Amino acid sequence: MRKSPGQGQSSFRPQKGLGQNFLRQKGVLNQMVVVAEINSQDLVLEIGPGLGSLTQALAQKARRVVAIEKDGRLIPILSETLQGLGNVEIILGDALKLNWSPSMSRGQRYKLVANLPYYITQPIIRRFLEAENPPELMVLLLQKEVAQRICARPGEMSLLAASVQFYAEAKIVDYVSKRVFWPKPKVDGAIIKIIARCPKPKADGEIFFKIVRAGFSQPRKQLLSNLSRKLDLPRGTVEAWLAENRISARQRPADLSLSDWLALAKTLPQPLFS
Ligand code: SAM
């Protein structure tokens, strides 16, 4: 493992505010490519190519790689690192704002693979899960704690877990030591694989999210009080609604599974939107 950048990159000063912790271990790069099952038919979108190490590994297997980088200082370095790889397109821009569809025709299948900057992890996942044309799968390297929260099971569920799991199946593939990044971040990372549900979930997303947000409004409190207060429903009505779905009124929101939340969304006692 190299601990600092290679030739041509040595004068580069990483910017903490952009989440610049570069991956320096070939084994982890290759693992991400394998987990994403990249093959010669694939179009891959990468967010934050940085110094280009993951981009390089992806481009060696994929048909085409489109990578969006926010930091203009990295563009000349990327041109150097990716020299000779004709299937890579680098776009300078903010992945949270950019409409990248001109580079990818509508409805085209693609995979999203990234070592994500920590400060945009959640908005990026949300943006792509909710996209009109979501990626067929995402393989992401992110902070271990965030990965664990996303992939949580009943007993440890959160608003984040329920929101991601509404759209996709998410699992932790492996943990990654903070020592393999340059500069070294404060916490370890994890690789997660997110596969969008296909077809898209049948439940009404607006109702589902309204109920889940109400349920987690005070995560330590019991469901009964959260739901009745936030949805403005009498306690008796909420008790009957929960009982109908075999959920105890004393349970806390973290105890419910995705299917419990889906069942609640389907059996809502009165229209919330009229
Ligand atoms: N992929 C490289 C690697 O694995 O070594 C770099 C990963 S580094 C954690 C995150 C990268 O995302 C940095 O290059 C950073 O400049 C870039 N970045 C940060 N915010 C971004 C944004 N909003 N849009 C696109 N790229 C961004």
Side-chain angles (χ1 to χ4, degrees), residues 1-6 8-36 38 44-62 65-82 85 88-101 103-104 111-128 131 135 138-147 173-192:
M1 185 185 85
R2 283 145 72 197
K3 288 199 170 151
S4 58
Q9 307 164 6
S10 50
S11 58
F12 184 80
R13 283 180 187 277
Q15 208 177 312
K16 208 175 163 190
L18 283 175
Q20 291 182 339
N21 301 102
F22 303 108
L23 198 43
R24 307 303 299 176
Q25 198 189 59
K26 267 215 158 97
V28 179
L29 297 168
N30 292 338
Q31 187 179 15
M32 290 184 73
V33 174
V34 170
V35 172
I38 302 296
V44 181
L45 178 67
E46 186 193 2
I47 295 191
L51 300 170
S53 52
L54 180 58
T55 324
Q56 217 170 14
L58 290 166
Q60 279 157 5
K61 296 274 180 197
V65 179
V66 176
I68 303 172
E69 175 54 61
K70 188 175 180 184
D71 187 349
R73 299 174 305 152
L74 288 164
I75 304 299
I77 297 175
L78 283 165
S79 315
E80 191 186 315
T81 319
L82 303 170
L85 288 166
V88 182
E89 179 188 354
I90 303 290
I91 300 176
L92 177 62
D94 182 338
L96 281 178
K97 296 187 185 145
L98 207 79
N99 182 4
W100 38 270
S101 51
S103 305
M104 297 179 177
K111 295 175 176 174
L112 175 62
V113 183
N115 168 17
L116 279 182
Y118 65 90
Y119 80 104
I120 56 167
T121 302
Q122 291 185 36
I124 283 288
I125 294 177
R126 184 172 175 183
R127 184 163 200 223
F128 281 92
M138 302 189 211
V139 173
L140 306 173
L141 177 46
L142 32 94
Q143 291 184 327
K144 180 177 156 185
E145 287 73 14
V146 180
V173 176
D174 209 351
Y175 292 103
V176 177
S177 162
K178 59 188 169 196
R179 290 194 308 262
V180 307
F181 298 93
W182 174 80
K184 190 169 84 173
K186 288 205 174 76
V187 295
D188 289 330
I191 299 173
I192 67 168

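Predicted model only: the values in this text are computed from it and were never measured. First listed ligand is number 1; within each ligand, the first listed atom is number 1.
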Determine yes or no for a side-chain-to-main-chain donor-acceptor pair under 3.5 angstrom, with [X] supplying the side chain and [Y] the backbone.
X: R73; Y: F12; value: no
X: D94; Y: K70; value: no
X: E69; Y: D71; value: yes
X: Q20; Y: Q15; value: yes
X: K111; Y: M138; value: no
X: T81; Y: L51; value: yes

As an exercise, identify every atom of ligand 1 less than 4.0 angstrom from a heavy atom of [X].
X: Y119; value: 19 (C), 20 (N), 21 (C), 23 (N)
X: F22; value: 5 (O), 6 (C), 14 (O)
X: E46; value: 1 (N)
X: Q20; value: 13 (C), 15 (C), 16 (O)
X: L23; value: 3 (C), 4 (O), 5 (O)
X: K70; value: 21 (C), 22 (C), 23 (N), 24 (N), 25 (C), 26 (N), 27 (C)
X: G19; value: 8 (S), 9 (C), 10 (C)
X: I120; value: 21 (C), 22 (C), 23 (N)

Pick one of side chain, backbone, both or neither for how [X] approaches ligand 1, counting any non-hydrogen atom pair under 4.0 Å.
X: L141; value: neither
X: S53; value: side chain
X: L29; value: neither

- Query: So, are D188 and K178 salt-bridged, with charged N and O less than 4.0 Å apart?
  - Reply: no

Just need the protein heavy atom nearest to [atom], so name the residue and atom and give the distance.
atom: atom 18 (N) of ligand 1; result: P117 CG, 3.8 Å
atom: atom 12 (O) of ligand 1; result: G48 CA, 3.1 Å
atom: atom 19 (C) of ligand 1; result: L18 O, 3.2 Å
atom: atom 23 (N) of ligand 1; result: D94 OD1, 2.9 Å
atom: atom 24 (N) of ligand 1; result: A95 N, 2.9 Å
atom: atom 3 (C) of ligand 1; result: N115 ND2, 3.5 Å

Does a side-chain heavy-atom distance below 4.5 Å link [X] with [Y]?
X: V88; Y: V66; value: no
X: V173; Y: I192; value: no
X: Q31; Y: D174; value: yes
X: L142; Y: Y118; value: no

Any atom of ligand 1 sitting under 4.0 Å from a heavy atom of [X]?
X: G52; answer: no
X: N21; answer: yes
X: Y118; answer: no

- Note on the structure: Closest heavy-atom pair, I38 versus L58, reported as atoms and distance to 0.1 Å, is CG1-CD2, 4.0 Å

- Message: Does atom CZ (R126) have a neighbourhood of more than 12 heavy atoms from anything else shown, all under 6.0 Å?
- Response: no

- Closest candidate by heavy atom, reference atom 14 (O) of ligand 1, pool Q15, E69, Q25, M32: E69

